[in-house]
Number of protein chains: 2
Amino acid sequence: MTTSEAPLTFVCRDEEQNTPSERALREGAELMFFGYRSFTQDPDKILSERDYGRAHHRALHFIGTQPGLSVAGLLDILDVTKQSLARVLKPLIDDGLVEQRVGENDRRQRLLFLTDDGVAFEERLSAPQRARLTRAFREAGPDAVEGFRFVLELMMDEEQRKQALTVIAGAKLP
Amino acid sequence: MTTSEAPLTFVCRDEEQNTPSERALREGAELMFFGYRSFTQDPDKILSERDYGRAHHRALHFIGTQPGLSVAGLLDILDVTKQSLARVLKPLIDDGLVEQRVGENDRRQRLLFLTDDGVAFEERLSAPQRARLTRAFREAGPDAVEGFRFVLELMMDEEQRKQALTVIAGAKLP
DNA sequence: CATTTATGTCAACGTCGCTGACATAAATCG
DNA sequence: CGATTTATGTCAGCGACGTTGACATAAATG
């Protein structure tokens, strides 16, 4: 429960003129590094079984949560070049994890969907991450989770945050 | 201040049987992705001016906070192979940002230090990250920051967390 | 003196970003 | 209708950064 054996000096309470200490900033940066690395390590292992990488997971994730996403829409979320995405998407399609359907309104569009295999593989990838989040959220408690969310949101620029929150809120699944 | 225009449903309060919702888990995972990307984007730009990458920043950061770190110690923190580190460390040394000194007790060791140029460049790299953290910590408030830290800590496995907290607590600088 | 440890280095490989250019099909505009 | 724009795909080439496996050297250690 308590991980504060080595007490971190994160906070610097002086109400309005609330300025984080040098130490708090360094600790925050290092926690971002260590935390993100832990968060991604399990799916990375699974992905390497199949010559996939983290980018494949990201594509599967967002196609999964937003079925019918266009290629342009996915490019926008991932913020990579068309060529980078193509090298990820093509194998996923060839391997039968992602399916493309021609758009009904706009027949230039290739709308993206997960196949059953795609859904299964995506769930296998995200299961360990969900387990990590579940454990962390449980042990940290609802208020800590609120804080976690709040700080990560504020890490983004205004515009990125707007887009990210739109994406997060716009999931078509559960 | 308030970014909750699109209210996220993060928390699932049922006291003891506190289980995060499906939606909360997905949101958490996506925030990790978007947040980390935002966090690294500024230094990434600066690094690309010089044919450096994120790995160079990490090396500079940890050498900066733990001057006199051995190569093995840095390998342990970064958890990469010797060869991966070598390809990062060599240019930093050649470019005069990192200096090696033979260990006094153990003359096989090459202890790592930042040169003045190294300190300056590292500060340039981390400045935008510190600015992000400062803004986020200020706006989110001390309790949110506590929660942020707590959740990220709990994201790690027992062992990794122990090591990370040791590294974080063991900074020889401020 | 033999072994282990700390470090460096070589070759080869794969993922995943990037740029720039070009091609096709479909929508849209004048 | 014809010209332009849009959505997508694809080719060639490059760089960063991770991997494995093998080998070399110098210094510490038993």
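Convention: sequence-line order gives letters A, B, ...; per-chain numbering from 1. The shown structure was predicted, so the numbers you read here are calculated from the model rather than taken from an experiment.
- OP1 and OP2 of C/dA21 both lie 4.0 Å or more from every side-chain N or O belonging to A/Q83.
- Donor-acceptor pairing under 3.5 Å, judged by distance alone, is present between the side chain of B/K82 and the base of C/dG8.
- A heavy atom closer than 4.0 Å to some atom of DNA chain D occurs in no member of residues 32-48 of chain B.
- You won't find any donor-acceptor pair under 3.5 Å spanning the side chain of B/Q109 and the base of C/dT7, going by distance alone.
- For the pair B/R132 and B/F39, the cation-pi test (distance below 6.0 Å, angle within 45°) is failed.
- Rounded to an integer number of Å, the gap from CD1 of B/I93 to C1' of C/dT7 is 11 Å.
- A donor N or O paired with an acceptor N or O is not found under 3.5 Å between the base of D/dT8 and the side-chain atoms of A/R110.
- With rounding to whole Å, A/H57 atom NE2 is found 14 Å from C/dG17 atom P.
- At the phosphate of D/dG18, OP1 or OP2 sits under 4.0 Å from a side-chain N or O atom of B/R58.
- Picking from D/dG18, D/dA27, C/dT7 the nucleotide with the shortest atom distance to the side chain of B/A55 gives D/dG18.
- Of the residues near DNA chain D, B/E104 and A/A72, the one whose nearest nucleotide (by heavy atom distance) lies more toward the 5' end is A/A72.
- To the nearest angstrom, P of C/dT15 lies 12 Å from CG of A/L92.
- As a whole-Å value, the separation of B/D79 CG from D/dC17 P is 17 Å.
- Atom-to-atom, CG of B/L111 to P of C/dG8 comes out at 11 Å; the value is rounded to the nearest Å.
- Residues B/Q160 and B/D79 have side chains that never bring a donor and an acceptor to within less than 3.5 angstrom of each other.
- Considering only side-chain atoms of B/R87, the nucleotide from D/dG18, D/dT8, C/dC18 that sits closest is D/dG18.
- For the pair A/V80/A/L75, a side-chain contact is recorded, criterion being any heavy-atom separation below 4.5 Å from C-beta on.
- Heavy-atom distances to DNA chain D give each of A/D106 and A/K90 a nearest nucleotide, and the one nearer the 5′ end belongs to A/D106.
- No more than 12 heavy atoms of other residues, nucleotides or ligands lie within 6.0 Å of CG in B/D116, so this atom counts as exposed by the packing criterion.
- Distance, A/L74 CG to C/dC16 P: 14 Å, rounded to whole Å.
- Regarding contacts with the backbone of D/dT19, a side-chain N or O of B/T81 is found under 4.0 angstrom from either OP1 or OP2.
- Whole-Å rounding puts the A/R54 CZ to C/dG14 P distance at 20 Å.
- Looking at heavy atoms from C-beta onward, B/V98 lies out of side-chain contact with B/T115 at the 4.5 angstrom threshold.
- Heavy-atom neighbours of A/E104 CD from other residues, nucleotides or ligands within 6.0 Å: at or below the threshold of 12.
- Distances shown here put a side-chain N or O of A/S84 below 4.0 Å from the OP1 or OP2 atom of C/dC18.
- Along DNA chain C, the nucleotide closest to B/A86 and the one closest to A/G53 are compared, and the more 5′ of them pairs with B/A86.
- Summarising the geometry, the separation between CG on B/L78 and P on D/dG18 is reported as 8 Å, rounded to the nearest angstrom.
- When distances run from any side-chain atom of B/V71 to the nucleotides D/dG21, D/dT5, C/dG8, the shortest one goes to C/dG8.
- Residues B/R108 and A/R108 both approach DNA chain C. Their nearest nucleotides, taken by heavy-atom distance, put B/R108 toward the 5′ side.
- Ionic pairing of B/R50 and B/D95 is not present here: no N-O contact between side-chain nitrogen and carboxylate oxygen is shorter than 4.0 angstrom.
- Remark: the backbone N or O of A/G147 is not paired with any side-chain donor or acceptor of B/E146 at under 3.5 angstrom.
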